[in-house]
Amino acid sequence: MKKLNWDLYLITEEKLSAGRSTLEVVREAVDGGVDVIQLREKNLPLRERFRLGQEIKKITEQTDIDFIVNDRVDLALALDADGVHLGQSDLPLIEARRILGEDKIIGISGHTFKEIELAERDGADYLGVGAVFSTDSKQVDSSKDGIGPAGITKISEKSNLPIIAIGGLNKDNCCQVIESGADTISVISAITKAANISEETKIFKDRIISAKRGAIKNGIN
């Protein structure tokens, strides 16, 4: 398992970016100190996602920010991204690892204890967990929607993998989720819709770091 020192994880979605391009959002979030960018943009044709990914990679490779591709192992490979995030219906993790190799980061969404057990056995580097709170940014199965901070705590107690929390998170509720056992906060619209993305990212990250310090002090993480 790779050590991922991530606090804030941005998932791109241009249709939720208040009229701005994804590249504008990424540049401002990078200026604000985001730790990882995930190329999502499921509505774009694959070729357009590839071209967008090339531009995002140019930005992230000039920093120590990681670049992750959603769902598509082939796209992650073509872009020489830092890794891929898989859902439960994507290519099996063990096959993704065989294709991408040991150096790439592979995260996977997991909700049940069986999924978590398989993620650990097959070599995932992190676990995506949510939706923590109800969200309009993506469609979530009703059984997985709104698991709350208590759901994060249950999963973190069962898994040794870093927990990336997602779903309905913002700068006002992120501390509670970190204190419940999450390692990283993942967001879409809380940043992409912000009036000042760079400033919002800085505030978000400062709150997460403060919550982590408090959680460590209290023996939670």
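Nothing fancy with the numbering, it's 1 onward along the sequence.
- Leu77 and Ile94 fall into different hydrophobic clusters, defined by Ile, Leu, Val, Met, Phe, Trp and Tyr side-chain heavy atoms under 4.5 Å apart, directly or through other members.
- Going from atom CG of Asp125 over to atom CD1 of Ile105 covers 6.5 Å, rounded to the nearest 0.5 Å.
- With contacts defined as side-chain heavy-atom distances shorter than 4.5 Å, the pair Val36/Tyr126 does not qualify.
- Looking only at side-chain heavy atoms (C-beta outward), Ser180 and Thr153 come within less than 4.5 Å of each other.
- The side chain to side chain contact (heavy atoms under 4.5 Å, CB included) test with Arg97 is passed by exactly one of Val73, Ile106, Asp122: Ile106.
- Side-chain contact between Ile59 and Leu23: present, with at least one pair of heavy atoms (C-beta onward) separated by less than 4.5 Å.
- Between Pro162 and Asp183, the shortest heavy-atom distance links the atoms CA-OD2, 3.3 Å.
- Here CD1 of Ile147 is found 7.0 Å from NE2 of His111. Values are rounded to the nearest 0.5 Å.
- Val129 and Phe113 fall within a single hydrophobic cluster, where Ile, Leu, Val, Met, Phe, Trp and Tyr side chains are chained together by heavy-atom contacts under 4.5 Å.
- For the pair Ala29 and Thr201, the tightest heavy-atom approach, listed with the atom from each and the gap, is O-CG2, 3.6 Å.
- At a threshold of 4.0 Å, the pair Asp172-Arg207 counts as salt-bridged, since one of the basic side-chain nitrogens sits closer than that to a carboxylate oxygen.
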Evaluate the criterion side chain to side chain contact (heavy atoms under 4.5 Å, CB included) for residue pair Ile108 and Leu161; output intermediate values, then yes/no. CA-CA 10 Å; Ile108 188 163; Leu161 292 173; 5.8 Å; no
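- Between Glu41 and Arg49 no salt bridge is recorded (no basic side-chain N to carboxylate O distance below 4.0 Å).
- One hydrophobic cluster, built from ILVMFWY side chains closer than 4.5 Å, cannot hold both Ile209 and Val34; they sit in different ones.
- Atom CD1 of residue Ile203 and atom CD1 of residue Ile191 lie 11.0 Å apart, to the nearest 0.5 angstrom.
- Note: Asp35 CG to Asp7 CG = 5.0 Å, rounded to the nearest 0.5 Å.
- Salt-bridge formation is detected for the pair Asp80/Lys104: a Lys NZ or Arg NE/NH1/NH2 atom is positioned less than 4.0 Å from an Asp or Glu carboxylate oxygen.
- For Glu13 and Thr192, the side-chain atoms include no donor-acceptor pair closer than 3.5 Å.
- Both Leu46 and Leu91 are part of a single hydrophobic cluster, where members link through side-chain heavy atoms under 4.5 Å apart.
- Salt-bridge check for Arg51 with Glu48: failed, with every basic side-chain N at 4.0 Å or more from each acidic carboxylate O.
- Under the 4.5 Å side-chain criterion, counting only non-hydrogen atoms from C-beta, Glu120 is in contact with Asn160.
- When side chains are defined from C-beta on, Ile155 counts as touching Leu127, because their heavy atoms get closer than 4.5 Å.
- A single hydrophobic cluster is not seen to contain both Leu118 and Ile163; linkage of ILVMFWY side chains at heavy-atom distances under 4.5 Å, directly or through other members, places them apart.
- Of all non-hydrogen atoms in Lys171 and Phe204, the two that sit nearest each other are N-CZ, 3.4 Å.
- Rounding to the nearest 0.5 Å places CG of Asp90 at 4.0 Å from CG of Asp71.
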